Amino acid sequence: MNRAQMRTTAFAVAAVLASSVLAACGSGSGSTGEDTGAGGDVQNAKVAFLMPDLASTRYELQDKPLFEAKMKQLCPSCQVIYQNADSDAAKQQQQANSALAQGVKAIVIDPVDSAAAATIVKSAQSQQVPIIAYDRPIPATPADYYISFDNEKIGSMIAQSLVDHLKEEKAEGGILQVNGSPTDAAAGLIKKGIHSAVDPSGFKLLAEYDTPDWQPEKAQTWVSGQITQFKGQIAGVVAANDGTGGGAIAAFKAAGVEVPPVTGNDAEPAAAQRVIAGDQYNTISKPIKIVAEAAANVAWGFMQGEKPAGKTTLYDTPSELFVPTVVTKDNIKEVLFDSGIMKAADICTGAYAKGCDELGIK
């Protein structure tokens, strides 16, 4: 073999090896973005999954196990470092710093404080560690990717559902608006969506409240005060999630007055029970499996050195926003139970068994 033939053979072997590596990296990632070539060896790699609070039960019961399961499927040798900040932004900063010190290849973060999380983004990116904002965006400093259900759409959907119901019932009076945490950019988007439906509805907005840390107890305390102030005038309550909705419902029951239609969001098990019982008018089904698995796919893509492409852009961040489903008594069986999202054995217990029977939930 002459020198020219040797060079040709060497180039051919290199090309085959390069193609094999790229094919292996692309397998299972779900990413269609460009290859940045920055991933390196991902065997035994670590990825951080940092959640914001314990006020919403979903993070421990759904997001964490679903994300871990998908990562295990994509990369059996990878390790998920899970932390929950329990509504403490400083604690979340410490958790992010710890994850970086442990050499994570990517961070998926649902920020406690969307503004404060900008520091975490800068710290990670300075170390070439990609940040995937999850559920809540980080407006001030663009993350590398954002995955969520469409929060503004959620607000408009729950509010419009309530407004339509009040009009059908020829209800009189005004609406209370219980928003989420003032430090949560997603809550701000939900709030904007709610206003888009309530403001032109013809129903007076009696008062609204931004609930610190999404705490149900704080929502309950505020609604209790409004019941006294607007006695007999409250036709409905738009609550930004199931926790604040549950707090509002508890306030009416404690006051010994009839509970008006109250909204929610997240389709938590307790909310499903309240919808079945007639205590809560609606909630939003946004199957956590969808976003948790999407986040794992995107993280895995980044970990392999790819740059996953967004379906849209929000706050200058490549994003994928999923559309949720409003759930009321009329469709709860189909959306939550027939679909397999929930099991009747878990929800239709005790006092809720009769309601389930009436709705055909078995």
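The shown structure was predicted, so the numbers you read here are calculated from the model rather than taken from an experiment.
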Quick check: is Ile120 connected to Val108 through a chain of hydrophobic side chains (ILVMFWY, heavy atoms under 4.5 Å apart)?
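Val108 and Ile120: separate clusters.
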Short side-chain donor-acceptor distance under 3.5 Å, [Y] and [X]:
X      : Y      : value
Trp214 : Asp184 : yes
Tyr82  : Gln95  : no
Thr328 : Asn282 : no
Ser181 : Asp213 : no
Asn84  : Gln92  : no
Asp316 : Thr313 : no
Asn179 : Gln177 : yes
Glu152 : Ser156 : no

Is it true that atom CD of Gln127 has more than 12 heavy atoms of other residues, nucleotides or ligands lying nearer than 6.0 Å?
yes
Heavy-atom neighbours of Glu334 CD exceed 12 at 6.0 Å:
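Check fails, neighbour count at 12 or below.
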Do Lys218 and Tyr209 make a side-chain contact, defined as non-hydrogen atoms from C-beta onward lying under 4.5 Å apart?
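Yes; the side chains approach each other to less than 4.5 Å.
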Does the ring centre of Phe67 sit less than 6.0 Å away from the ring centre of Tyr134?
no
Report the distance from atom [atom1] of [X] to atom [atom2] of [Y], rounding to the nearest 0.5 Å.
X      : Y      : atom1 : atom2 : value
Lys362 : Lys333 : NZ    : NZ    : 9.0 Å
Asp242 : Thr283 : CG    : OG1   : 3.5 Å
Lys167 : Leu162 : NZ    : CG    : 11.0 Å
Ile154 : Asn241 : CD1   : CG    : 10.5 Å
Gln220 : Ile227 : CD    : CD1   : 9.0 Å
Glu217 : Thr211 : CD    : OG1   : 11.0 Å

Does the distance from a Lys or Arg side-chain N to an Asp or Glu carboxylate O, for [X] and [Y], drop under 4.0 Å?
X      : Y      : answer
Asp63  : Lys286 : no
Asp144 : Lys307 : no
Lys72  : Glu68  : no
Lys91  : Asp86  : no

Closest heavy-atom pair and its distance - Tyr145, Pro308:
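The pair with the smallest heavy-atom distance is CE1-O, 3.5 Å.
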[X] side-chain N/O to [Y] backbone N/O, donor-acceptor pair under 3.5 Å:
X      : Y      : result
Thr317 : Tyr315 : yes
Ser114 : Ala185 : yes
Arg136 : Pro111 : yes
Ser123 : Thr119 : yes
Tyr281 : Lys329 : no

Apply salt bridge (Lys or Arg N to Asp or Glu O under 4.0 Å) to Lys289 and list each qualifying residue two or more places apart in sequence or on a separate chain.
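In terms of salt bridge (Lys or Arg N to Asp or Glu O under 4.0 Å), with neighbours along the sequence ignored, Lys289 is linked to Glu293.
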